[in-house]
Amino acid sequence: MLDTIYLGGFLLVSAIVMLTALIRQRILVRGLLLSAVSGLGSLGVVSLLSGTFSLGVTFNLFSAITSVLYGVPGVIGILVLHMITG
């Protein structure tokens, strides 16, 4: 339960930082769309390959939010975190 709260807080703070950076660079809509589409696409591919290669990454709320916010680096981070934690 506490891990979920920490993860939610991290995602909230990082979303504020990402939105602030996108607003300051004046590419808010284009940056958000590119990040969301590439992140969800790569998460979908990883979820499909997860059964074949036993990656263990599933499509759930937190992985979807992470992939929308961070894009492909977020999905890679999910994979690395899953490999570390087992």
Side-chain angles (χ1 to χ4, degrees):
M1 175 71 185
L2 198 56
D3 294 340
T4 305
I5 294 171
Y6 288 148
L7 181 61
F10 172 74
L11 290 175
L12 179 67
V13 170
S14 63
I16 292 170
V17 170
M18 293 286 284
L19 287 175
T20 304
L22 290 173
I23 288 171
R24 292 184 82 197
Q25 294 177 358
R26 298 177 190 206
I27 56 168
L28 178 65
V29 174
R30 185 178 53 191
L32 284 176
L33 285 176
L34 181 63
S35 175
V37 168
S38 66
L40 286 176
S42 61
L43 181 64
V45 169
V46 168
S47 292
L48 287 175
L49 294 175
S50 183
T52 306
F53 295 109
S54 68
L55 299 174
V57 176
T58 59
F59 195 89
N60 58 28
L61 179 64
F62 289 116
S63 63
I65 290 172
T66 303
S67 66
V68 165
L69 286 177
Y70 294 115
V72 176
V75 175
I76 293 170
I78 292 171
L79 285 169
V80 168
L81 185 62
H82 193 298
M83 288 177 169
I84 291 172
T85 59

Undergrad: Listed by chain and number, what are the side chain to side chain contact (heavy atoms under 4.5 Å, CB included) partners of Thr20, not counting sequence neighbours?
TA: Ile16, Arg24

Undergrad: Applying a strict under-4.5 Å side-chain criterion to I, L, V, M, F, W and Y, I'd like to know whether Val57 and Phe53 cluster together.
TA: yes

Undergrad: Count I, L, V, M, F, W, Y as connected when their side-chain heavy atoms are under 4.5 Å apart, and connections chain through other members. Are Val45 and Leu55 then in the same cluster?
TA: yes

Undergrad: Enumerate the side chain to side chain donor-acceptor pair (under 3.5 Å) contacts for residues 27-41, please, sequence neighbours excluded, ordered by first and then second residue.
TA: none

Undergrad: For Ser14, enumerate each residue passing the side-chain hydrogen bond (donor to acceptor under 3.5 Å, both in side chains) test, keeping only those at least two apart in sequence or located in another chain.
TA: Tyr70

Undergrad: Report the residues that fulfil side chain to side chain contact (heavy atoms under 4.5 Å, CB included) with Ser47, sequence neighbours left out, ordered by chain and then residue number.
TA: Leu43, Phe59

Undergrad: So if you build clusters from Ile, Leu, Val, Met, Phe, Trp, Tyr with side-chain heavy-atom gaps below 4.5 Å, do Val75 and Leu61 land together?
TA: no

Undergrad: Listed by chain and number, what are the side chain to side chain contact (heavy atoms under 4.5 Å, CB included) partners of Val68, not counting sequence neighbours?
TA: Ala36, Leu40

Undergrad: Under the rule for side-chain hydrogen bond (donor to acceptor under 3.5 Å, both in side chains), what residues qualify as partners of Ser42, not counting sequence neighbours?
TA: none

Undergrad: For Val29, what residues pass the side chain to side chain contact (heavy atoms under 4.5 Å, CB included) criterion, not counting sequence neighbours?
TA: Leu33

Undergrad: Can you tell me how far apart CD1 (Ile27) and CG (Leu32) are? Round to the nearest 0.5 Å.
TA: 9.0 Å

Undergrad: Any side chain to side chain donor-acceptor pair (under 3.5 Å) involving residues 55-66? Give me the pairs, sequence neighbours left out, ordered by first then second residue.
TA: Asn60-Ser63

Undergrad: Go through the steps for Val46 and Ile78 under the test side chain to side chain contact (heavy atoms under 4.5 Å, CB included), then give the verdict.
TA: CA-CA 10 Å; Val46 168; Ile78 292 171; over 6 Å; no

